[in-house]
Amino acid sequence: MQKPPQAVDFALKETSPNIGAGAVATDKLACTYDLVEQMQYLYVRVVKAKDLPGKDVTGSCDPYVEIKLGNYKGMTKHFEKKTNPLWDEVFAFSKERIQASVLEVSVKDKDVVLDDLIGRVLFELNDIPRRVPPDSPLAPQWYRLEDRKGDKIKAGELMLAVWMGTQADEAFPYAWHSDAATVGPDGVANIRSKVYLSPKLWYVRVNVIEAQDLVPGDKNRFPEAFVKVTLGNQALRTRISQSRSIHPMWNEDLVFVAADPFEEPLILTVEDRVGPNKDEILGKCMISLQFVQRRLDHKPVNTRWYNLEKHVVGDGEQKKEIKFASRIHLRASLDGGYHVLDESTHYSSDLRPTAKQLWRPSIGILELGILSAVGLMPMKTKDGRGTTDAYCVAKYGQKWIRTRTIVDSLTPKWNEQYTWEVFDPCTVISIGVFDNGHVLGGGGGGKDSRIGKVRIRLSTLESDRVYTHSYPLIVLQQSGVKKTGEVQLAVRFTCSSLINMLHLYSHPLLPKMHYIHPLSVIQLDSLRHQAMQIVSLRLSRAEPPLRKEVVAYMLDVDSHMWSMRRSKANFFRIMGVLRGLIAVGKWFDQICNWKNTLTTILIHILFIILVLYPELILPTIFLYLFLIGIWNFRRRPRHPPHMDTRLSHADAAHPDELDEEFDTFPTSKPSDIVRMRYDRLRSIGGRVQTVIGDLATQGERFQSLLSWRDPRATTLFVIFCLIAAVVLYVTPFQVVALLIGIYVLRHPRFRHKLPSAPLNFFRRLPARSDTMI
C-alpha cells in the first residue's frame, strides 16, 4: 500500500554531523563535547577597573563597559559614583558572525543625554590567543586606557581577559552571547542555559487511628466525627466514625505528597457533622514534617498522641483554647521506600525510591548532544515578520536542563552537551523544544509556546553507539497535526557494567514498597497530579524560572484526559497485536483446506511426530522461537523510536474529535445537562482508554521479545530459548509437566509478594507507548 505524502514529512532522518572535533576524553565514561559540533567563540571577560578619571561636576563617574565587535554590542551594568568598579562579566561572540577585524572595549560614563567616553582598549583579532579546554583559564591583565586618538590617558586602567575558545569553555554557560544582542539587560537571564533539579518528593502517610474526650457543641448528642488532614493545597478526610461516642475510631490511611525542604505543616482538624453542609471544628493540631519519622520499609512506625487545640471565636477575634483532655492518636511517616510518580509510568525517566539508602549503583551514563533545529515554524511576529526564539528542555531523572535561547532564528544551533547517570535502562528521556516568550525580560504575560517533543527509551539504544538523527517536531492542534520543524540530536548510552544491567531485567520495575504495600490506582492518579503541581511550582520559582507551561508539557499533565483519537489509536494498537494471531488462524485454515499440498503434508508429518513423541513439543516451540529471534536479528530496528502520527491517529482525526480533545474540562458547552453528561462520558472514556492502552502495551511487549527493539532483552530471551530447548530435550516430558504443576500449585508459604523474575523481565520490555503523541 502506498504511503500518504504526509508520512514522509514525519519521518526520522539519520544525519552525519561533524561531531567529536576537538573532544578531550579522560576515560571511557567521561568525554567533553564530543557529541556536538565545535563552535568557535571570542570571549571577553571584564573584571574591574581602577583610578578612573571623573567626568561629572563632582569629580566622580558612573562607569560601565561597552564591548563592540562589528555590528554586535554588549554592555555591563553601570555603577553610580564609583571610580574602582568591579563587574566580573563574560561576553561571548560567535566566530561565524564576526565581520570585523578589531575588538573595541570602551569604558564609558553613564549620562542622561549622551554617555561620555572615559577610555578604550583595542585588540586585533589575529593577535587574540586561542584556549582549548581543559587548559588553565586565561589570567586577566591590566590594560591602560586610550582616548579616541590612541594616546594613553593620564589615569585609568581596565582588567580584561580576551581569548578564542569553544562552547566547552567553563565560561560559556554564564556568558552574555552575541545571539542576545537584541535582548534587553533584564532579559539576559531568560536566555542562558541552565541546569535544574527536581525537588525531592516524599509520600506522607497519616494513619488516623482514634480520638479521645471530644467535646461537641451540643452536649445532648454524640458527635458524628471525622478528621480532615491538610498539607498545602492537598486536603483529605476520613469517613464519619461508625462509633458514635466521644471516643471515635477510624483507622484510615491518608497519603499526601511533600517536597523536601518541607515548607507546609500537616494540619489536622477533628470536625463534627452537625447538619447538611455544616461542620463544627472540635479540635485542631499542627505537625511539622521535619519531626515526622522516616521509614524505608513496610514496618509500621510508632504511634503518638497529639493534643487538640480548639479555636473559639469571641468579640470578633479568634482565640486559641487548648483542651488537654481532647487528643488524637496518629501514626505519621515519610515513606521513603516508594518512588513518587510525577510522570506517566509508560515513559518514566526515574524509578528509584525516595530514600537514597535504597538506591542501587548506577549502570552507566547517558550523553545527549543538542545540535540544532531546522525549519521551525514562526511562533510570533516581530517587526511585521514571523520569528522564533527557540530553546530546548530535556528531562531525565531529577535533572532538568535548558539550553540557551537562540534569538530570532528559525534554524538555531545550540551544540550543547549534557550528561546523566543511568540507574535503570528501562527509562525514557524527554526532549522538548519551546519558543521563549520572555526574551525581553520582565517575565510578563507572555507564555513559552510548545514547538514539539521527542522521547527516547534507553533500552532501545545499543551500548556505546552514537545515534545522530533529525527528529520531527510534531504538535497536535485544534486544526490538526502539524510538523513544526526538526531537531537534530546526538545520543549515546554508555554501560559501565553489562552484568549489572542484565541483572536489572529480573528486578521489579518499581521499588519493593509498591508491591508489598501497594497504593490504589485512584490514589496514584491523585498523588501524581499533586506531585506534578509541586514540581511545577518549585521549578517556576528558580532563577531563571522553568515555566509552568513547560513543565506541564514535559510531564504530560493532561495525558489522562478523554480523547476519542487516543481511544481509536489504542484500539488499533490492540488490533495490531492480534494481527499475528489472525494470520496464524488464516494460515491454519489454508493448511486444513490443502491450499499448499507440500506444506500440508509436512504439517501432518510434524503432527504425527509430536503425538508419538510429546516430549518434543516444548523443545520444538522454544527452538522455533529461538530461530525466529535469530532470523529477525537481520531486520532489527536500527533507529530509536520517534513520535508516530499514524500510530497516534493524529493524521486522520476528525475536526469534531479534535474539538472535543481540546475542549476545556469541565466542558464549555452551554447546557448544564449536556455538560454533566459530556463530562461523565469523558471521565469514563478516559478510564477505558487507559485500560485499552495497558492491554496494548502488554501485547506489544510480547512482540518485542524477538523484535530486537531492546537488544539486551532479546539477547537474554533468545539465549533462554536455546537453553530451554536443550534442557527440555534431555528431560522427560512427564518430569517437566510434574515440576510445572507442583510449582503452580505450591503452598502460599513458598510464594512471595514481589513479582517473579519472568514477570519483571516482561514488564521491562519496551512497548510502542513511547511513540504515542
Side-chain angles (χ1 to χ4, degrees), residues 41-94 97-100 102-123 128 140-163 171 173-192 383 404-405 407-408 438-444 543-544:
Y41 285 91
L42 170 62
Y43 289 96
V44 180
R45 181 187 175 196
V46 181
V47 183
K48 57 184 176 180
K50 66 178 180 180
D51 301 332
L52 296 179
K55 290 290 183 178
D56 299 336
V57 179
T58 59
S60 184
C61 62
D62 305 325
Y64 70 92
V65 177
E66 178 185 272
I67 298 94
K68 188 175 181 181
L69 185 61
N71 296 326
Y72 293 103
K73 186 187 298 183
M75 293 184 295
T76 67
K77 60 185 177 182
H78 81 279
F79 292 96
E80 294 184 0
K81 303 185 184 307
K82 200 165 188 179
T83 58
N84 297 290
L86 173 64
W87 293 285
D88 201 11
E89 297 183 28
V90 181
F91 298 80
F93 298 86
S94 175
R97 301 189 181 185
I98 294 179
Q99 298 179 352
V102 176
L103 171 68
E104 180 180 345
V105 183
S106 305
V107 182
K108 293 188 176 182
D109 175 42
K110 190 77 172 178
D111 208 341
V112 178
V113 181
L114 183 64
D115 297 342
D116 298 323
L117 176 68
I118 298 177
R120 65 178 184 177
V121 181
L122 301 179
F123 296 89
I128 294 177
Q141 302 180 35
W142 285 105
Y143 292 89
R144 288 285 301 275
L145 298 176
E146 303 174 352
D147 57 19
R148 296 189 185 278
K149 297 179 181 180
D151 300 328
K152 305 290 185 183
I153 62 176
K154 294 182 179 179
E157 292 183 76
L158 182 63
M159 179 178 279
L160 290 173
V162 182
W163 72 94
Y174 311 104
W176 174 96
H177 288 268
S178 56
D179 295 330
T182 60
V183 178
D186 54 350
V188 171
N190 283 319
I191 69 165
R192 287 176 174 164
D383 299 331
R404 70 192 190 282
T405 299
V407 179
D408 193 12
H438 304 79
V439 292
L440 297 179
E543 185 57 42

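Just the heavy atoms: all of them, side chains too, but no hydrogens, waters or symmetry mates, feed the values below.
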Exercise. Do the side chains of Val162 and Leu42 get nearer than 4.5 Å, heavy atoms only?
Worked result: yes

Seminar exercise, completed: Here the gap from Leu69 atom CG to Ile98 atom CD1, rounded to the nearest 0.5 Å, amounts to 5.0 Å

Seminar exercise, completed: For Arg144 and Ile153, the nearest pair of non-hydrogen atoms, with its separation, is NH2-O, 2.7 Å

For this session: With sequence neighbours excluded, tell me which residues meet side chain to side chain contact (heavy atoms under 4.5 Å, CB included) with Glu80.
Result: Asp62, His78

Seminar exercise, completed: By ring pair (Phe, Tyr, Trp, His ring centres under 6.0 Å), Tyr64 pairs with (sequence neighbours left out) none

Exercise. Which atom names give the shortest non-hydrogen contact between Met159 and Pro140, and what distance separates them?
Worked result: CG-CB, 3.6 Å

For this session: Indicate the atoms forming the closest heavy-atom contact of Tyr41 with Ala92, along with that distance.
Result: CD2-CB, 4.1 Å

Problem set entry | Result of checking Lys108, Lys110, Arg120 against Glu66 for salt bridge (charged side-chain N to carboxylate O under 4.0 Å, His left out) | Lys108

For this session: Start with the C-alpha distance between Leu52 and Asp109, add both sets of side-chain angles, then the distance that settles side-chain contact (heavy atoms from CB on, under 4.5 Å), and finish with yes or no.
Result: CA-CA 10 Å; Leu52 296 179; Asp109 175 42; over 6 Å; no

Exercise. Can Trp176 and Ile67 be said to form a side-chain contact (heavy atoms from CB on, under 4.5 Å), step by step?
Worked result: CA-CA 11 Å; Trp176 174 96; Ile67 298 94; over 6 Å; no

For this session: Tell me, with the steps shown, if Leu160 and Val47 meet side-chain contact (heavy atoms from CB on, under 4.5 Å).
Result: CA-CA 6 Å; Leu160 290 173; Val47 183; over 6 Å; no

Seminar exercise, completed: Smallest heavy-atom separation, Ala155 atom then Pro53 atom, equals O-CD, 3.4 Å

Exercise. Just how far is it from atom CD of Gln99 to atom OH of Tyr72, taken to the nearest 0.5 Å?
Worked result: 7.0 Å

May I have the list of side-chain donor-acceptor pairs in residues 84-91 shorter than 3.5 Å, sequence neighbours left out?
{"residue": "Asn84", "atom": "OD1", "partner": "Asp51", "partner atom": "N", "Å": "2.9"}
{"residue": "Trp87", "atom": "NE1", "partner": "Thr76", "partner atom": "OG1", "Å": "3.3"}
{"residue": "Trp87", "atom": "NE1", "partner": "Lys77", "partner atom": "O", "Å": "2.8"}
{"residue": "Asp88", "atom": "OD1", "partner": "Arg45", "partner atom": "NE", "Å": "3.0"}
{"residue": "Asp88", "atom": "OD1", "partner": "Arg45", "partner atom": "NH2", "Å": "3.1"}
{"residue": "Glu89", "atom": "OE2", "partner": "Lys77", "partner atom": "N", "Å": "3.4"}

For this session: Can you tell me which residue pairs pass the salt bridge (Lys or Arg N to Asp or Glu O under 4.0 Å) test with a partner in residues 149-160, sequence neighbours excluded?
Result: Lys50-Glu157, Glu146-Lys152

